[in-house]
Amino acid sequence: MEKPLPYDKTSPKSIEAYAKKLLNKSLYDVLGSEIKQTYKGKGKLGQALEELYFQYMPNSKSEPDFVEAGVELKTSPLKKITRGLVSKERLVFNIIDYKKEHLQEFRKSNFWRKNHLLLLMFFLHDAEKIDLEYLFKIITLWEFPAEDLKIIKDDWEKIISKIKEGKAHEISEGDTLYLGACTKGANRESLTSQPFSSVMAMQRAFSLKSKYLNFIIEKYFAGEKFKINQKGYDKILGDDYSFHESSVRYQKLDLEDVEPVVKSIKDYRQGETFEDLVLRRFSKHYGKTEKVLIKELGIKETNAKHKYSLIAKAIMGVRKGKEIEEFEKADMIMKTIRLENSGTLKESMSFAQIKFKEIIHESWEDSYWFNTITKRFFFVVFQKNENGELELKKVMFWTMPYYDIETAKKFWEDTKKKIKNDDYQHFIKASDDRIFHIRPKAINSKDLMETPSGRMEKKKCYWLNALYIKQVIS
DNA sequence: GCATGATCATGC
DNA sequence: GCATGATCATGC
């Protein structure tokens, strides 16, 4: 005879209420010391929660953990920074089955069947503790708001279309906005076959980017009550795309520093993705000079160097002083590019400083450079006309192709090796490589940074060659 | 015309 | 005080 469960397994609310008893506690606090014997390993927290706390055995992969309630349990670590708690890593969902995931439409896909209603249990990671001692800081049911789900569905479709084109091996996390396809496997050699090409592809899982999770975290601590109302999804998941009032929107928030481009799901035209919508907003302004744009958009006359970014934000309907919410969640990088009348770039594109003492300890996959270069980019291109005035030429979204990322790796390895060898005179130059170079960037030549060997060296940074950018945008 | 070293201006 | 986006200056 089975013992009755301490919660109603058919009710999401009941499951959530039972889960919340763990708030600000650890599993060890609640279950006592005897469980310490059974669970020692790292990464076993999710499993321990399922078996010992919720008292069910992990079930089939294609259904949610709590089948009857349709709830999927997701644990994920938080870390402490000065301004509070943020996500420590991306949230990883199911492994993408390249052979099956493309067979169904989104609403019947493995991903959506399993993950439409999440029970989020975020805990504070602590390197000094074992899993069972981690304190749970956020426990809540979670559904994607309509505006976000629209983007997630488009992301899913983008990943699926790459599989269907036989390009699973070319998938990059930077292809999509909120829902990523992150690598998942013991190492880079964890390859698997794909249905429409003989090329082996890296194993990947659906995931949410850390930046996206930070929005959930911030809203949770801001005291927002997340609404759960799955009926509202029908309109987003339907085929007609005739969006109406959304019933699963966030309540109005006072998060001061972001503003969304899409104020309502009704802003979309039929069949349009978020990126299409952004392109549409910009295309109306192509050919206008900087002066005209500043006047039309009501931007205060300024010589500030960031005025191009102010113009771009204004076109997207984001007010001064605010960050673009969708770009933040998607961890996307906006770069403005200025062209001469001839079409050549005025300058190469610079990135962050090389932290000499850090790079030597990095591995490629957790390096600054890999994590930057695999993001999605948004380029805003201005070009000088015959009178020397800058005109808005075009905008585009871009992700570095996978074969160029291989070059990025060699470039990064070369740089790391030279720093290890204490050689600061022979970094890769613009004339050495098609895509990348290292160059100084500092206040002046006396602006120095300490090296691993304890000397001081001029500050340098990563650059993308002007010629490469030119080829990318044309 | 481009590569390369150097520096400016702003905002956090 | 410093990192970053932007730009200048020089020489080949």
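Protein chains get the first letters and strands the later ones, always in sequence-line order, with residue 1 at the start of each. Note that the structure is predicted; figures quoted are calculated from it, not measured.
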Under 3.5 Å, which donor-acceptor pairs link side chains of residues 394-402 of chain A to any protein atom two or more places apart or in another chain?
| residue | atom | partner | partner atom | Å |
| --- | --- | --- | --- | --- |
| A:K394 | NZ | A:I473 | O | 2.6 |
| A:T399 | OG1 | A:G174 | O | 2.7 |
| A:T399 | OG1 | A:R376 | NH1 | 2.5 |

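Side-chain N/O atoms of A:T344 include none lying less than 4.0 angstrom from OP1 or OP2 on B:dG1. An OP1 or OP2 oxygen of B:dT7 is reached within less than 4.0 angstrom by a side-chain nitrogen or oxygen of A:S445. Between A:R338 and C:dT7 there is a side-chain polar atom (N or O) within less than 4.0 angstrom of OP1 or OP2.
Summarising the geometry, the separation between CD1 on A:I438 and P on B:dA6 is reported as 15 Å, rounded to the nearest angstrom. Here C:dA6 presents its P atom at 11 Å from CZ of A:F351, a figure rounded to the nearest Å. Computed from coordinates, the A:L448 CG to C:dG1 P distance equals 16 Å when rounded to whole Å. For the pair A:H437 NE2 and B:dT4 P, the interatomic distance rounds to 7 Å; values are reported in whole Å. Between the CD atom of A:Q353 and the P atom of C:dA6 there is a distance of 16 Å, rounded to whole Å. In this entry the distance linking CG of A:N444 with C1' of B:dT4 reads 17 Å, nearest Å. If you measure from atom OH of A:Y462 to atom P of C:dA3, you get 14 Å, rounded to the nearest angstrom. We find that CE of A:M349 is positioned 14 Å from C1' of C:dT7, with the value rounded to whole Å.
Residue contacts shown for A:S342 are absent, as no nucleic acid heavy atom lies under 4.0 Å away. Counting any heavy atom pair closer than 4.0 Å across all strands shown, A:A352 reaches sugar-phosphate atoms only and no base atom. Among the heavy atoms of the strands lying under 4.0 Å from A:K429 are primed sugar atoms or P, OP1, OP2 only; no base atom is included.
Screening residues 435-456 of chain A for ring pair (Phe, Tyr, Trp, His ring centres under 6.0 Å) gives A:W369-A:F436, A:F411-A:F436, A:H437-A:W463 as the qualifying pairs, with residues at least two apart or on separate chains.
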Atom pairs under 3.5 Å: protein N/O with N/O of nucleotides 8-12 of chain C:
| residue | atom | partner | partner atom | Å |
| --- | --- | --- | --- | --- |
| C:dC8 | N4 | A:E347 | OE1 | 3.3 |

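Comparing A:S431 and A:E323 by the nucleotide of DNA chain B that holds the closest heavy atom to each, the one mapping nearer the 5' end is A:S431. Where A:W463 and A:I443 meet DNA chain C, the nucleotide closest to each residue was compared, and A:I443 sits on the side nearer the 5' end.
In terms of polar N and O atoms assigned as donor or acceptor, the side chain of A:K441 comes within less than 3.5 Å of the base of C:dG5 in a complementary pairing.
A cation-pi geometry, defined here as NZ or CZ lying under 6.0 Å from the six-membered ring centre and within 45° of its normal, does not hold between A:K460 and A:Y424.
Without hydrogens or angle criteria, A:K441 side chain to A:Q353 main chain gives no donor-acceptor distance under 3.5 Å.
Counting non-hydrogen atoms of other residues, nucleotides and ligands closer than 6.0 Å to NZ of A:K418 gives a total above 12.
The aromatic rings of A:F144 and A:W142 sit perpendicular to each other, their planes meeting at more than 60°, with 30° as the lower class boundary.
For the salt bridge (Lys or Arg N to Asp or Glu O under 4.0 Å) with A:D331, the qualifying choice from A:R90, A:K375, A:K209 is A:K375, the only one to do so.
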